[in-house]
Number of protein chains: 2
Amino acid sequence: MSDPSQTGASATGAAAATSSTTSSSVSVGTKIRQDIITGTHAPGSKLREAALAKQYAVSRIPVREALRSLEAEGLVESRPYSGSMVAPSPVEDAEDLFEIRIVLESATAKRAAKRSAEQSSGAAPDDRWHGVRKEISDILAEGDVVIEQERYEDLAVLNMRFHFAVAELSGSVSFISLLRQISGKIEWLYSLNVTRRGPQAWPEHREIIAAIDAGQEAKAVEVMARHVRRSRDSYFAMMAEKTP
Amino acid sequence: MSDPSQTGASATGAAAATSSTTSSSVSVGTKIRQDIITGTHAPGSKLREAALAKQYAVSRIPVREALRSLEAEGLVESRPYSGSMVAPSPVEDAEDLFEIRIVLESATAKRAAKRSAEQSSGAAPDDRWHGVRKEISDILAEGDVVIEQERYEDLAVLNMRFHFAVAELSGSVSFISLLRQISGKIEWLYSLNVTRRGPQAWPEHREIIAAIDAGQEAKAVEVMARHVRRSRDSYFAMMAEKTP
DNA sequence: GCTTAACGTTTTGTATACAACTTCTGAGAA
DNA sequence: TTCTCAGAAGTTGTATACAAAACGTTAAGC
């Protein structure tokens, strides 16, 4: 029925594996999220706890916990004693989601540039900074390889990882957690309509990181905002040609 | 031991009471949240499910659900099989939280102004718009009364309600839910250090709504950003004089 | 025919019981 | 002394069982 392989490990779950234990609750959550994103559970359809429990071969308790998490992510809506249902399609909120990305990611880029300057001047050294900065270089390099081999599916994941890594460079846990909040809907949005802009967009990431490295806050904001705006325009262009 | 009166009904919970049923889970969540915000549960302290269950006279199940919700709000941090603890004091993230408010609320103000223009021109009429707009007028009027009577505690709640109402005017559920996400931490931040800027800040709300009514997007952004920035500066000034 | 109220079914919410994991303690060896 | 590794204690995670509320159905009344 359901594939036994753990597909999970979405771009979001990049947390350091301090504890290898993955409670069945989060595992079920990952699967339900996947089923929502891929459309197996259609928007607006009811999510019955008993059915989900049977489907994923667990009791209702982990299912409930998973539903709560998904509710926080905005993928599920619940009402007491009335149950849960899949949230409306994120396509309705596409404009909002991109605007949120524009304002939030512009802010993280600005912060990252600021912190970069601080690192260079040695004002407030942070050991983790260099690690994250190196990870970004790795991501960019891996992206080149992936583009070379035309494995665009993997590029989407790398894209997510890049943007979250920039957020980490900003050093703001609040911004990171907010971005994580909407990442589910963003992923959902993209999966409904796989954009092929990846290869063209990739070089823009180097522009972004260059501005950050140079400590140019205004430039970083401008480049990041333009990058996300282009992503948005590409999305809507694709939507338009899909439904003429 | 624990006061039996339902203190709850934080400014956040302004959802329309479609169903009068309040599951004990959310009720417990409200109480724990309150205890975190007021400092009864200190930052970093462990939150043992059994203890909380006994304290609030429920089983561990509702406690767990409440903890999950609080985790999503950023007030609690959890690790599988290791338990939950109160998140670090939001004071550390104060700068971030205000910056998030600046970018998010500027965006909602801009949207609200845009929608206001649409309402005036009759392009995309929305019945709910007028209701929310009227609610704002009521909030502003009530604020005047509260200031007259120097009941500044109530002003804090009205302030929250005003800002959420503006977000609702924007018509973007995504923005609203994101603001709701951080509202818990914002509330926490303020409660640690009750600002007395309320009375001076109140007239600025009229500036904001005036810009929105006029449909002036740029102006609305500017005024809202300045308003939140002043709030931030006032907060840090008070923190500075508190710890010299 | 339409509305409405009562009843049974279904589903969610919660309590209890048990399993799985972490963490603390302390003994033993290098 | 310090490190390592059992083992016990305690806490979290999950399954089962039961209570409470919502929903759908049916039948009575207008």
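Throughout, protein chains are lettered first and strands after them, A, B, ... in sequence-line order, and every chain is numbered starting at 1. These numbers come from a predicted model, not from an experiment.
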Inset, instruction - State whether R232(B) and E99(B) are salt-bridged, where the test is any N-O pair (Lys NZ or Arg NE/NH1/NH2 against Asp/Glu carboxylate O) under 4.0 Å. - result: no
Legend entry - Pairing of D138(B) and K134(B) as salt bridge, 4.0 angstrom limit: yes
Inset, instruction - Specify the residues of residues 46-54 of chain B, ordered by number, for which at least one heavy atom lies under 4.0 angstrom from an atom of DNA chain D. - result: L47(B), R48(B), E49(B)
Legend entry - Heavy-atom side-chain proximity of E118(B) to R115(B) below 4.5 angstrom: yes
Inset, instruction - Please say which of Q181(B), R33(B), K185(B) ends up in a side-chain hydrogen bond (donor to acceptor under 3.5 Å, both in side chains) with E73(B). - result: R33(B)
With sequence neighbours left out, what residues match [X] under side-chain contact (heavy atoms from CB on, under 4.5 Å)?
X	result
S177(A)	none
I176(B)	A167(B), E168(B), R180(B)
S89(B)	P43(B), V91(B), L192(B)

Pairs under 3.5 Å (N/O, protein and nucleotides 14-17 of chain D):
unit_1: dT14(D); atom_1: OP1; unit_2: S24(A); atom_2: N; d: 2.6
unit_1: dT14(D); atom_1: OP1; unit_2: S24(A); atom_2: OG; d: 3.2
unit_1: dT14(D); atom_1: OP1; unit_2: S25(A); atom_2: N; d: 3.0
unit_1: dA15(D); atom_1: OP2; unit_2: S59(A); atom_2: N; d: 2.6
unit_1: dA15(D); atom_1: OP2; unit_2: S59(A); atom_2: OG; d: 2.9

Legend entry - Residue-phosphate contact under 4.0 Å: S84(A) side-chain N/O, dT12(C) OP1/OP2: no
Legend entry - S82(A) vs dC23(D): side-chain N/O to OP1/OP2 distance below 4.0 Å: yes
Detail all sub-3.5 Å separations between protein N/O atoms and N/O atoms belonging to nucleotides 5-9 of chain D.
none

Pair [X], [Y]: side-chain N/O donor-acceptor within cut-off below 3.5 Å:
X	Y	value
D35(A)	Y56(A)	yes
T108(B)	S170(B)	no
S172(B)	S174(B)	no

Legend entry - Distance, rounded to the nearest Å, where L67(B) contributes CG and dT11(D) contributes C1': 13 Å
Legend entry - Whole-Å gap separating P (dT11(D)) and CE (M85(B)): 16 Å
